[in-house]
Amino acid sequence: MRLSQYFLPTLKETPAEAQIVSHRLMLRAGLVRQMSAGIYAWLPLGYRVLKKIEQIVREEQDASGAQEVLMPTIQSADLWRQSGRYDAYGPEMLRIVDRHEREMLYGPTNEEMITTIFRDAVKSYRDLPRNLYHIQWKFRDEVRPRFGVMRGREFLMKDNYSFDLDKAGAIHSYNKMFVAYLRTFARMGLKAIPMRADTGPIGGDLSHEFIILADTGESAVFCDKSLVDKDILGRAIDFDGDLQPTVNEWTSLYAATDEMHDQARFEKEVPADRRVAARGIEVGHIFYFGTRYSKPLNAVVAGPTGESIAVEMGSYGVGVSRLMGAIIEASHDAQGIVWPDSVAPFKVGLINLKPDDGAVTGACQTLYAKLSAAGVETLYDDRDQRGGAKFADMDLIGLPWQVIIGPKGVAAGKVEVKNRRTGQREEMAPEALLARFGA
RNA sequence: CGGGGCGUAGCUCAGCCUGGUAGAGCGCUUGCCUUGGGCGCAAGAGGCCGUCGGUUCGAAUCCGGCCGCCCCGACCA
């Protein structure tokens with residue numbers, strides 16, 4: 001993409017409305033614009049990142065055996081009356097009346113709907129287990145939206161729902177999600193730590209929050225440092241095999257949020273040099289809740305001997321749009337965002353230091369064409385701007401690699417490569433650069 | 001939902017207390033200059049001062065209603 005043609009409205013100054021760093025950077029780097037309190041429009045660069053985050057979530061869900069569906073944003077009030085949550089949910093639910101005076105709502109979650117879909121279609125234990133997910137916009141009318149997309153009213157969420165015949169099966173489904181989440185967040189360059197959680201209004205007796213560590217996190221968290229150091233991506237995972245040992249490996253070590261924290265236990269179980277007291281941001285939450293919805297909504301199947309069995313369920317959420325804020329909180333510096341490779345909107349930012357110099361521009365265009373042809377996502381800054389402005393913008397938007405081409409380098413047959421995260425610079429021939437990026 | 005604050009140019013803000021029809025910096029446009037870290041010079045464009053009403057000869061400024069946004073707390077993916 002040529003920057004001269006790209007819609008990328010960066011800001012030199014920080015908008016007054018933004019307080020926390022990720023919100024400021026998202027506004028300044030031209031990723032989003034606020035349309036109302038807690039409601040954002042995604043601009044081209046931000047939308048690219050959102051789609052990358054979404055895709056990683058999708059790939060890991062698919063790998064675990066979950067199947068993607070897409071349910072509507074608007075639901076009927078009747079559906080929610082059946083589970084008893086219509087009145088219980090309170091003013092957080094955005095209620096709508098259509099032209100026929102039918103009561104509708106903008107869905108804050110989908111347990112009722114998916115349970116109904118499942119109930120109407122599945123009648124036999126032979127059709128279990130199933131795990132269905134979707135990635136859809138949700139709305140919760142928060143009293144006080146804040147922190148940009150991290151606590152918006154409208155947000156993109158991956159939520160899924162598992163259906164099993166018995167509790168053992170449901171626990172296995174739960175474990176699959178547990179491991180899939182470890183992998184999902186690790187692929188985004190995050191250190192996500194599962195912490196035993198309060199099950200809250202969704203109900204149930206087994207639940208974990210996945211929390212990433214960031215200095216600006218919303219709540220205090222405590223854990224064993226060994227958890228931070230664990231690596232899930234290096235392992236081969238068999239989702240059909242026994243995942244309990246893997247889950248146990250993570251859950252056996254101390255990890256707790258503020259409200260579940262027990263200082264005495266913490267000090268007893270974790271050696272002083274491994275005690276981590278930090279701030280965290282919740283990016284995922286998994287629940288096992290048994291028959292909490294299957295019973296009131298009559299989601300039953302016929303068992304092997306013909307008896308009716310209410311299915312055992314769990315639900316699992318990932319805050320997709322929130323993750324963008326969380327990733328920035330966890331990965332930025334004074335100059336701007338530092339995207340992890342896997343979610344970066346472009347891999348390479350190509351800077352033309354002297355657009356009116358034929359040799360420089362020629363070298364840039366050749367390189368840009370070759371990188372693009374090889375599938376290396378490249379944002380080419382061909383604007384008629386001074387070098388300083390280009391460096392500042394490129395640092396702000398945080399692409400992992402900057403390739404800088406100026407008259408001196410071209411004369412010497414070299415281009416300069418800068419690593420955004422480390423700041424390390426290297427000069428090399430264009431061919432070497434292409435080889436480096438696999439082009 | 002309790003408490004507090006703010007709405008003036010695209011952005012950050014001054015002006016308001018002590019009423020007389022609007023300013024700065026950045027950004028934008030044009031020209032010159034410059035070209036490795038938001039450079040310099042010059043000339044421009046751009047605002048019914050959130051909105052409705054009241055007071056007044058006269059309101060960005062004083063008073064009231066409404067709308068919007070932000071912060072602290074309670075609440076939450």
Side-chain angles (χ1 to χ4, degrees), chain A residues 9-20 23-24 27-28 30 33-39 57 89-93 107-110 135-159 181 197-198 200-202 207-212 218-219 257-259 280-287 315-326 334-336 351-357 360-361 381 383-396 402-411 414-416 418 423 425 427:
Chain A
T10 57
L11 264 22
K12 204 173 190 174
E13 286 175 282
T14 304
E17 76 227 40
Q19 295 300 313
I20 64 162
H23 191 194
R24 290 178 177 177
L27 258 10
R28 286 193 55 213
R33 285 288 115 104
Q34 180 169 316
M35 296 293 100
S36 296
I39 300 178
V57 171
Y89 218 92
E92 268 198 354
M93 180 184 278
T109 177
N110 289 67
I135 299 174
Q136 177 63 290
W137 292 93
K138 305 274 195 287
F139 196 93
R140 287 182 199 168
D141 199 358
E142 298 282 347
V143 207
R144 192 186 159 206
R146 58 182 135 171
F147 306 146
V149 300
M150 291 219 293
R151 177 110 181 259
R153 292 194 293 168
E154 187 182 58
F155 55 97
L156 187 62
M157 184 174 173
K158 185 284 301 176
D159 47 319
Y181 276 28
D198 195 358
I202 294 182
S207 175
H208 284 90
E209 288 179 355
F210 286 74
I211 307 253
I212 65 153
E218 55 203 332
S219 54
T257 57
D258 222 353
E259 58 267 18
I281 300 168
E282 181 183 348
V283 289
H285 205 154
I286 61 179
F287 298 89
S315 79
Y316 317 89
V318 169
V320 175
S321 49
R322 162 180 277 206
L323 269 167
M324 192 179 313
Q335 270 61 249
I351 297 177
N352 182 340
L353 278 178
K354 200 165 183 189
D356 60 0
D357 180 313
V360 173
T361 294
D381 191 348
R383 296 174 303 170
D384 182 22
Q385 296 268 331
R386 299 180 60 84
K390 295 188 176 194
F391 291 132
D393 269 342
M394 206 56 90
D395 284 348
L396 176 63
Q402 293 173 17
V403 173
I404 302 153
I405 299 186
K408 280 179 268 177
V410 167
K414 302 271 190 183
V415 298
E416 182 178 325
K418 175 183 154 187
R425 294 160 187 276
E427 292 211 335

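Note that this is a predicted model, so its numbers are computed, not measured.
Here A/E154 pairs with nothing under the side chain to side chain donor-acceptor pair (under 3.5 Å) rule; sequence neighbours left out. By the side chain to side chain donor-acceptor pair (under 3.5 Å) test, A/K354 is found to be paired with no residue, residues two or more places apart in sequence or in another chain being considered.
Within 4.0 Å (heavy atoms only), A/D357 reaches no atom of the nucleic acid at all. Among the heavy atoms of the strands, none lies under 4.0 Å from A/K158. Among the atoms of the strands shown, base atoms are found under 4.0 Å from some heavy atom of A/G152. Residue A/A16 is classed as a sugar-phosphate contact, given heavy-atom separations below 4.0 Å to backbone atoms only. Heavy atoms of A/S321 sit nowhere under 4.0 angstrom from any nucleic acid atom.
Among all heavy-atom pairs drawn from A/S207 and A/H285, the shortest one is OG-NE2, 3.0 Å. The two residues A/V283 and A/I212 come nearest to each other via the heavy atoms CG2-CG2, 3.8 Å.
For the pair A/R144 CZ and B/A74 C1', the computed distance is 10 Å after rounding to whole Å. The CD-C1' distance, from A/E142 to B/C1, rounds to 13 Å in whole Å. Following rounding to the nearest Å, A/D381 (CG) and B/G36 (P) show an atom-to-atom distance of 14 Å. Between the CD1 atom of A/I405 and the P atom of B/G36 there is a distance of 15 Å, given to the nearest Å. Atom pair A/D159:CG and B/C76:C1' shows a separation of 16 Å (rounding to whole Å applied). The separation between A/F147 atom CZ and B/C70 atom C1' is 12 Å, rounded to whole Å. One interatomic measurement links the two molecules: CD of A/E17 to C1' of B/G5, which rounds to 15 Å at whole-angstrom precision. Taking atom CZ of residue A/R383 and atom P of nucleotide B/G38, one finds them 14 Å apart after rounding to whole Å.
With both pairing distances under 3.5 Å, B/G27 is matched to nothing as a Watson-Crick or G-U wobble pair. Using Watson-Crick or G-U wobble geometry with both donor-acceptor distances under 3.5 Å, B/C1 finds its partner in B/G73. For B/G20, the paired base is B/C57 (Watson-Crick or G-U wobble, both distances below 3.5 Å). Under the Watson-Crick or G-U wobble criterion, with both distances below 3.5 Å, B/G7 is paired with B/C67.
Across the C1' atoms, B/G25 and B/G15 are found 15 Å apart, a figure rounded to whole Å. With both ends at atom P, the span from B/G4 to B/U51 equals 26 Å, rounded to whole Å. B/U30 and B/G46 have their P atoms separated by 16 Å, with the value rounded to a whole Å. B/U29 and B/G65 are spaced 44 Å apart, taking the P atom of each and rounding to whole Å. To the nearest whole angstrom, the two P atoms, one in B/C16 and one in B/C62, are 9 Å apart. Atom name C1', nucleotides B/G44 and B/U35: the rounded distance is 25 Å, in whole Å. The same atom, P, is picked in B/A43 and in B/C11; the two are 26 Å apart, to the nearest Å. Of the P atoms belonging to B/G47 and B/G36, the separation is 37 Å, rounded to the nearest Å.
Side-chain N/O atoms of A/R28 and base N/O atoms of B/C11 include no donor-acceptor pair closer than 3.5 Å. Between the side chain of A/R140 and the base of B/C76, no donor-acceptor pair of N or O atoms lies under 3.5 Å. On a pure distance criterion of 3.5 Å, no polar donor-acceptor pair joins the side chain of A/Q385 and the base of B/G38. One can find a donor-acceptor pair under 3.5 Å joining the base of B/G37 and the side-chain atoms of A/R425.
Of the N and O atoms on the side chains of A/D159 and A/S315, not one donor lies less than 3.5 Å from an acceptor on the other residue.
Between B/G68 and A/Q34, no contact under 4.0 Å exists linking OP1 or OP2 to a side-chain N or O. Distances shorter than 4.0 Å separate none of the side-chain N or O atoms of A/K12 from OP1 or OP2 on B/G38.
Proximity note for A/E416 (side chain, C-beta onward) versus B/C39, B/G36, B/G38: the nearest is B/G36.
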